[in-house]
K.L.:
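Let me begin by handing over the structure; questions about it come next.
Chain naming here is simple, since letters A, B, ... match the order of the sequence lines and numbering starts at 1 in each. What you see is a predicted model, and the numbers here were worked out from it, not measured in a lab.
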There are 2 protein chains.
Amino acid sequence: MSQQRHGSTPGEAGGVPAFPDLPEATIARLPEYLRALHHLAETGAETVSSEGLAAAAGVNSAKLRKDLSHLGSYGTRGVGYDVSLLVAQIEYILGLDENRAVCLVGVGNLGHALAGYAGFASRGFRVVALFDTDPKKVGEQINGLTVRHLDDLERIAAEESIAIGVIATPPGTAQTVADALVAAGVTSILNFAPGVLSVPSNVDVRKVDLAIELQILSFHEHRKASLTALPGGRAAAASPDKQPEDQEAVGS
Amino acid sequence: MSQQRHGSTPGEAGGVPAFPDLPEATIARLPEYLRALHHLAETGAETVSSEGLAAAAGVNSAKLRKDLSHLGSYGTRGVGYDVSLLVAQIEYILGLDENRAVCLVGVGNLGHALAGYAGFASRGFRVVALFDTDPKKVGEQINGLTVRHLDDLERIAAEESIAIGVIATPPGTAQTVADALVAAGVTSILNFAPGVLSVPSNVDVRKVDLAIELQILSFHEHRKASLTALPGGRAAAASPDKQPEDQEAVGS
DNA sequence: CGCGATTTGTGCACGCCTTCACAAGCGCCT
DNA sequence: AGGCGCTTGTGAAGGCGTGCACAAATCGCG
């Protein structure tokens, strides 16, 4: 929902390949393909079929082919996709070849964990700065980084060319932090605080609300329970739209 | 706070089946509505219009009305929705009135933070058990809970009626943990480990991959950068910027 | 050199979701 | 009592995404 509509821009320069405007749903799956491809690359595979990659990524093979076709023709009929070529292409599209600098605001329980999350570093991101407003936390060393006061954000963001900010504060201060990030030139925000952020239209926001995920699961629990508890009839006809993903996951 | 006039309380309804099968997209938004409603209730509002609630939840008002209409008719034309009634109804639908027990597997960096995440407790969930396989972690006290060995999962899950499990382990062990959870009778899994899980069709899985969120933001950064690099000042002047959408949401 | 096996890329149909636009319903004011 | 303004609930239209099914393309082999 934090998505915005982007008009296709015909403006084609010469050097760099034009930027295909991919469906939002496709973009959201590319990282998953990328992870699966890296895994395949480690096992020594040089090529992979759409069927194989789709299984590793947990999606339908037709969907995967359509997704990849939006990037251009990087497969060979009768053979499959060149793993390393596809990795490079997806990483380019996602802008991961720039090893993006990320800052994190709010070094509480969750922020602390995020600051040390290995998954960020291993997938193209560098957490280069931590911020908080609590005097007791400012100055603290976390994972080799010193926690700075939020007031220093603008200066440091400029020095480090930070374009992505992560908000891990309590809900009450999230909007204030978002404003500060925007003022500092940050144009992409990952928000872990519950609530709606108001930002200029040129800033992208993605929200992760951990409790919401549990609540959605809770709904399904409730639904399942009410079905099995039904006295007459349609109890057995459960699971109308389940995920049919029953295939090999990443083994090991 | 006093909502008793509605004879068909949750649980049993005459006109509408006790459990309407809601569109998946609607379900995903209900928690957001619920949060906004709680916020409104704290400010003392007794009723709210679809316009007002939609703004607070960051969605289109027509969408909100359609979503709520799926639950039944809980609004009054010309007036709006009764806040406390709607809260009760959504909480019932989401199954939050049962204060669900949740267990968490993997007490690493992230798991540690999740174990102490206040947002869970305040929104209808109790983290009742922590598990790990690392002998150095088993026995540790976190947030008033003792970390148990994964081998004890089946027994404790039964004792505590745990239906929801959270996986916060490294990717390599996620599938093993998922299998253990399923064996212990858990039917809903929230997975923070990258990768695809394979589970029986009666088990629901939701995945949260923090790195993927950043990668999606990175894509938009890349796209924005390639646009501003375009020749011609149209980008700033003619401003083909997105639809105004509904900024200015959370009325401060 | 041609043939068959294999796999990609895609046209098409279908279903879900979103959005608009408006009639129906409700309360308040005169 | 009646009218008026406000708000919900919903029919209809359009857009987006998914999955099927197949033609086109490529490789290996005889």
K.L.:
Give me the bend of the helix from dC1(C)-dG30(D) to dT30(C)-dA1(D), using the axes of the five pairs at each end, rounded to 10°.
P.N.:
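That helix gives 10° between its end axes.
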
K.L.:
Which is it for T26(A) and D67(A) under the side chain to side chain donor-acceptor pair (under 3.5 Å) test, yes or no, and what are the steps along the way?
P.N.:
CA-CA 6 Å; T26(A) 295; D67(A) 283 342; 2.6 Å; yes

K.L.:
Tell me: CG of L85(A) to C1' of dT8(C), nearest whole Å?
P.N.:
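These atoms are roughly 14 Å apart.
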
K.L.:
Give the nucleotide from the list dT19(C), dT8(C), dT8(D) with an atom nearest to the side chain of S50(A).
P.N.:
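Closest of the options to the side chain of S50(A): dT8(C).
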
K.L.:
Could you check K63(B) against S69(A) and say which one's nearest nucleotide on DNA chain C is further toward the 5' end?
P.N.:
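So the residue in question is S69(A).
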
K.L.:
Find the distance R65(B):CZ to dC17(C):P and express it as a whole number of Å.
P.N.:
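Going from CZ in R65(B) over to P in dC17(C) covers 19 Å.
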
K.L.:
Out of the candidates K224(A), R223(A), H222(A), only one should pair with H220(A) under the side-chain hydrogen bond (donor to acceptor under 3.5 Å, both in side chains) rule; please name it.
P.N.:
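So, applying the side-chain hydrogen bond (donor to acceptor under 3.5 Å, both in side chains) to H220(A) and each of K224(A), R223(A), H222(A), only R223(A) qualifies.
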
K.L.:
Which heavy atom of T169(B) sits nearest to which heavy atom of V105(B), and what is that distance?
P.N.:
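Result for this residue pair: CG2-O, 3.5 Å.
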
K.L.:
Does a nitrogen or oxygen in the side chain of N60(A) sit under 4.0 Å from OP1 or OP2 of dG17(D)?
P.N.:
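For dG17(D), OP1/OP2 do not have a side-chain N/O of N60(A) under 4.0 Å.
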
K.L.:
Of the nucleotides dC27(D), dT18(C), dC17(C), which has the atom closest to the V79(A) side chain?
P.N.:
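Side chain of V79(A) sits closest to dC27(D).
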
K.L.:
If I take atom CG from residue D179(B) and atom CD from residue Q175(B), how far apart are they, to the nearest 0.5 angstrom?
P.N.:
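Separation between the atoms: 4.5 Å.
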
K.L.:
Which whole-number value in Å describes the distance from L22(B) CG to dC16(C) C1'?
P.N.:
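For the pair L22(B) CG and dC16(C) C1', the rounded distance is 14 Å.
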
K.L.:
Take a 6.0 Å sphere around CD of E98(A) and say whether it holds more than 12 heavy atoms from other residues, nucleotides or ligands.
P.N.:
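Enclosed: over 12 neighbouring heavy atoms sit under 6.0 Å from CD of E98(A).
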
K.L.:
What does S73(A) touch in the nucleic acid at a heavy-atom separation under 4.0 angstrom: a base, only the sugar-phosphate, or nothing?
P.N.:
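Since only primed, P, OP1 and OP2 atoms lie under 4.0 Å of S73(A), the category is sugar-phosphate.
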
K.L.:
R29(B) side chain: which of dT7(C), dG9(C), dT18(C) is closest?
P.N.:
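Of all the options, the side chain of R29(B) is nearest to dT18(C).
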
K.L.:
Figure out the CD1/C1' separation between I27(B) and dT18(C), and round it to whole Å.
P.N.:
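After rounding, the gap between these two atoms is 17 Å.
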
K.L.:
Looking only at side-chain atoms of K66(A), point me to the closest of dT18(C), dT8(D), dT18(D).
P.N.:
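For K66(A), the side-chain atoms sit closest to dT18(D).
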
K.L.:
Between P on dT7(C) and CG on D82(A), what's the gap in Å once rounded to a whole number?
P.N.:
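Roughly 16 Å, once rounded to whole Å.
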
K.L.:
Identify which nucleotide among dG9(C), dG9(D), dT7(C) has an atom closest to any side-chain atom of Y81(A), counting heavy atoms from C-beta outward.
P.N.:
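Closest of the options to the side chain of Y81(A): dG9(C).
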
K.L.:
What are the two closest non-hydrogen atoms of A163(A) and E221(B), and how far apart are they?
P.N.:
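The pair with the smallest heavy-atom distance is CB-OE1, 3.5 Å.
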
K.L.:
Nearest to the side chain of T76(A), heavy atoms from C-beta on, is which of dT26(D), dT10(C), dG17(D)?
P.N.:
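Side chain of T76(A) sits closest to dT26(D).
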
K.L.:
Would D209(B) and R35(A) count as a salt bridge (Lys or Arg N to Asp or Glu O under 4.0 Å) if you check the C-alpha gap in whole Å, the side-chain angles of each, and the deciding distance to 0.1 Å?
P.N.:
CA-CA 11 Å; D209(B) 189 321; R35(A) 185 196 51 72; 5.2 Å; no

K.L.:
Which nucleotide wins on minimum distance to the side chain of P23(A), given the candidates dG17(D), dT7(D), dC17(C)?
P.N.:
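Among dG17(D), dT7(D), dC17(C), the one nearest the side chain of P23(A) is dG17(D).
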
K.L.:
Nearest whole angstrom, please: distance from the P of dG9(C) to the CD of E51(A).
P.N.:
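E51(A) atom CD is separated from dG9(C) atom P by 14 Å.
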
K.L.:
Figure out the OH/P separation between Y74(A) and dG9(C), and round it to whole Å.
P.N.:
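To the nearest whole Å, that distance equals 11 Å.
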
K.L.:
From the options dT19(C), dA25(D), dT18(D), select the nucleotide whose nearest atom is closest to the side chain of R77(A).
P.N.:
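Selected nucleotide: dA25(D).
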
K.L.:
Whole angstroms only, please: what is the CD-C1' distance between E24(A) and dC17(C)?
P.N.:
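For the pair E24(A) CD and dC17(C) C1', the rounded distance is 15 Å.
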
K.L.:
On a heavy-atom basis, which atom in S50(B) and which in S61(B) lie closest, and how many Å separate them?
P.N.:
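Closest approach of S50(B) to S61(B), heavy atoms only: O-CB, 4.0 Å.
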
